[in-house]
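Notes follow once the structure below has been shown.
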Amino acid sequence: MALTVLPPYLELLNSEQRRAVLHTGKPLLILAGAGSGKTRVITTKIAWLIREQGVDPRSILAVTFTNKAAREMAERARLIDERAGDAMLRTFHSFGAWFLRRNGKAAGLDPGFVIYDDDDAVSLLSGIMEDSSKAEVKQVAHNISRAKDYFLSFDDAELALIDSRRKFRDIYALYEERLAHTGNVDFGDLIKKPVEILRKESEIARRFHDRFKVIMVDEYQDANVAQFEFLKELAGPETYICVVGDDDQSIYRFRGAEVKNILEFPDRFPGTEIIRLERNYRSTAPILRAASSVVDRNRGRLGKTLRAERGGGKLPVLAFLPDQDEETAFCAQLVGNAARTAERGKVWSDWAILYRTNAQSLGFETELLRRGIPYRVVGSLKFYEREEIKDALALLSFLVNPRDEVAFRRVVNKPARGVGSVTVDRIIEEGAEASDLAEAARALSPELSSRAKAGVESFLKVMEEGRALLEEDPFPNDAFDSGDGAGDEAAAPPAKVPAAVPAGKANRKRAKNREELVSGEGLSVCVVCLMRSSGIAAYHQTQDEVSGNQRLNNLQELANAASLYAPTRGGLLEFLEHIELDRSLEDQAETAEERSNAVTLITFHNTKGLEFRKVIMTGLEQGIFPREDKKNEELEEERRLFYVGATRAMDELYLTSCAVRRMFGRTLPVEPSLFLREIDKSSLRIIGETPYGFGAAGTGAAARRAHAPEQGKGVYGNTPRGNDAYNGGFDAHNDTGSWRRGDRLFHDDYGYGAVTEVRDSEDGPVVRVYFETGKELLFLGEQQGSRFTKIGKDD
DNA sequence: TAGTTTTAAGTTTTT
DNA sequence: CTTAAAACTA
């Protein structure tokens, strides 16, 4: 290797990672195993392109699948080079929305569209399928959504692969017509429509090819067909494309993800180079062994050999427990014990409790609350699914788009204004002819009963007044539709209030048990006014008094969230878009400390891209995980999900499996998960009563059962004081002492880093470490046993 | 039509 | 067991 001195941020990388970062020219496919540092590769690559290659940050597009990943990527890239903040880092869907706001006109789309979520789509569909049950409507809505994922329109022949019924095709066509008439889009459209536009409008395509010279995609294994097509259309002849993924971590088949995308990438992009990242820096060897032994059973995979760079480590613990109450107690105790014996801070955040379905979080929440252990639940914030929130959002949506029949139907008669379903149907029907629903109502008003007429009029008046509350947009002339849709982002309205006082937190505190809405800054003023004048606030307030709910407080919460946006139409649109595309309320609802000092409760799906020191995987039972109805391909996906969950763990992994589980109020006996059988017994430390027939030694298990201690509380009664009792003979050896330049490590406080210099002093060797946060620190090499974990070095 | 009671149904996973 | 949908009454 040449003797050139590398910039320190490249020192953090191993040779393959570095090769991936320095790669240019042909398309690049990075097959990155779990914990192999793929995010680091992407962020470093972005920074390197800007710094060393003189690439304009604005010509870089990096796409992820979750908002969290997008945020993290932006943050980490900025740490290396500030200018990376100007690159476009978004989720596929958010980028699609950005595209459509500027170029939707080419598909007859007004830039002021609102994004319909799945519920809204169902609501719209039920207007078409009038005499179908709710379940049928949902099924069709799901199929339409799948069709869009596969880039299939209602007139495509392949549509039969999704749903072959003739009726389906007709309904899909009707749905599209109806949706177009509302002027809104659904989730699938955010990807599908841009592709259609790029194919039809060569001028727009050319602009985008000019603008984006570099396109990177993270978690590529989760891309669906439509997203693949999007990528292909965005890439011009000069565009450098780099995708990163891991076929073993593909867990979104159910929403259209196609592993084929990653398998066939080299065929679709000729000349593709492939780089494999197979060194795992995150997990200890025993954890990786257990995780791999499950996913190894899958047939449809590229296959790779993921090597643990961290030696030593404890065996994963498999705990057989009587029921789910014992399971929650076990988890709480495990976490609590660790906290008691820990010397260092931030213990709670070391832990994550994983479950298959969101419903399972409830038990853990109750138990942790009871024991005073701080926790946070990731995802599944049903906040936006609450009735009052949906009502409020419907009001706001109708405000920006008076053709939104779904929103209209939801709130026109709430609170009761004497406008029944018959009247609503007639107005919407009339709306097919009119430019918007207000006009439709006016046209129809001579035929309405005086009560219905008065009700509709009062509703429309409220909306008129609401519209008047919004200030003029600073950029008139429809700022979204700047001439150069792919070009200057500065033309977009700077809708966010720049010096936004974090009014949210303070307001919420004040609003506790308050019986009136308080407005804060910016858009929240308008939101509060509208909630009041529409009667929604009063309506839910009354409901609160009856049933003791917190609905008014929830409305307050929503208003607070709005305070960060400008009180203009543009600001409102941005607010609504943000809510549709990123429902994790995390930013507003949690302070940094709350986040950093709490146990994480999370679904397996949501853990992708995350890591924790200690992970508990719960509910490992047949029927729960994997679900009973899973077989073949779907079972393989469940295996991958198991793999994803297990590889989140850095130091310790626990698996729990109950003998019985409560479902639908009934308590049923359950079998241990198939996946537990797929792990070699010697790779696990089993505690609790091994169920009959588990593993090869059936008779042994039976014998053990016969002599098992009295059933009841305390199967794990001899639980360790500290988790050290689970050590199982393995010591987490840190291999301190002989540090060498180029060694990589994980520091408890500073994260991942690399040794850039070693020298001797009176107190022994001193090492200089460069961290990926950009920090560079000196340490005394011999005293860092408990703070550092060596994670292998480059060869 | 509004609001209440009765009955049935249902749990994946998410942008 | 909890929630949503259908059925029923005022």
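Order of the sequence lines fixes the chain letters, A, B, ..., with proteins taken first and strands second; residue numbering starts at 1 for each chain.
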Send over the distance from [X] [atom1] to [N] [atom2], rounded to a whole Å.
X: A/Leu190; N: B/dT15; atom1: CG; atom2: P; answer: 13 Å
X: A/Phe664; N: B/dT12; atom1: CZ; atom2: C1'; answer: 11 Å
X: A/Arg639; N: B/dT13; atom1: CZ; atom2: C1'; answer: 18 Å
X: A/Gln360; N: B/dT11; atom1: CD; atom2: C1'; answer: 9 Å
X: A/Arg255; N: B/dT15; atom1: CZ; atom2: P; answer: 6 Å
X: A/Glu385; N: B/dT15; atom1: CD; atom2: P; answer: 11 Å
X: A/Leu668; N: C/dC1; atom1: CG; atom2: C1'; answer: 13 Å
X: A/Ile579; N: B/dT15; atom1: CD1; atom2: C1'; answer: 16 Å

Salt bridge or not for [X] and [Y], using N-O below 4.0 Å?
X: A/Arg627; Y: A/Glu621; value: no
X: A/Asp119; Y: A/Lys390; value: yes
X: A/Glu638; Y: A/Arg356; value: yes
X: A/Arg410; Y: A/Glu387; value: no
X: A/Arg255; Y: A/Asp149; value: no

First of A/Ala359 and A/Leu581 reached from the 5' end of DNA chain B, by closest nucleotide: A/Ala359

It should be established whether [X] places a side-chain nitrogen or oxygen under 4.0 Å from OP1 or OP2 of nucleotide [N].
X: A/Asn358; N: B/dT13; answer: yes
X: A/Thr603; N: B/dT14; answer: yes
X: A/Thr423; N: B/dT1; answer: yes

Check: A/Phe65 ring centre within less than 6.0 Å of A/Phe92 ring centre: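 When the ring centroids of A/Phe65 and A/Phe92 are compared, they turn out to be within the sub-6.0 Å range.
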
When you compare the protein's N or O atoms with those of nucleotides 2-9 of chain B, which come within less than 3.5 Å of each other, and at what distance?
from	atom 1	to	atom 2	distance (Å)
B/dA2	OP1	A/Asn413	ND2	3.4
B/dA2	OP2	A/Asn413	ND2	3.4

Checking side-chain polar atoms at under 3.5 Å, does [X] have a donor or acceptor matched by the opposite partner on [Y]?
X: A/Ser153; Y: A/Lys192; result: yes
X: A/Tyr116; Y: A/Asp404; result: yes
X: A/His540; Y: A/Asp391; result: yes
X: A/Glu557; Y: A/Asn553; result: no
X: A/Asp186; Y: A/Tyr175; result: yes
X: A/Thr182; Y: A/Glu405; result: no

Restricting to nitrogen or oxygen on both sides, can you table the protein-nucleotides 2-6 of chain C pairs closer than 3.5 Å?
from	atom 1	to	atom 2	distance (Å)
C/dA5	OP1	A/Lys134	NZ	2.8

A/Glu75 CD: over 12 foreign heavy atoms closer than 6.0 Å: no

Identified stems (criterion: three or more consecutive Watson-Crick or G-U pairs, under 3.5 Å), DNA chain B: B:1-10 with C:1-10

Give one of base, sugar-phosphate or nothing for [X], where a contact means two heavy atoms less than 4.0 Å apart.
X: A/Tyr252; result: sugar-phosphate
X: A/Phe65; result: sugar-phosphate
X: A/Asp118; result: base

Base of B/dT13 and ring of A/Phe604 stacked, centres under 5.5 Å, planes under 30°: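 Not stacked by the 5.5 Å and 30° rule.
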
Residues within residues 223-234 of chain A bordering DNA chain B, heavy-atom distance below 4.0 Å: none

Nucleotide nearest A/Thr357 (side chain, heavy atoms from C-beta), chosen from B/dT11, B/dT15, B/dT14: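 From the listed options, B/dT11 comes nearest.
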
Heavy-atom donor-acceptor pair, A/Arg356 side-chain to B/dT13 base, under 3.5 Å: yes

Partners passing side-chain contact (heavy atoms from CB on, under 4.5 Å) against A/Lys608 (at least two apart in sequence or in another chain): A/Glu219, A/Gln221, A/Asp222, A/Gln249, A/Ile251, A/Tyr252, A/Val644

Residue pairs fulfilling ring-ring contact (aromatic ring centres under 6.0 Å, His included) with at least one residue in residues 405-425 of chain A, sequence neighbours excluded: A/Phe398-A/Phe408, A/Phe408-A/Phe459

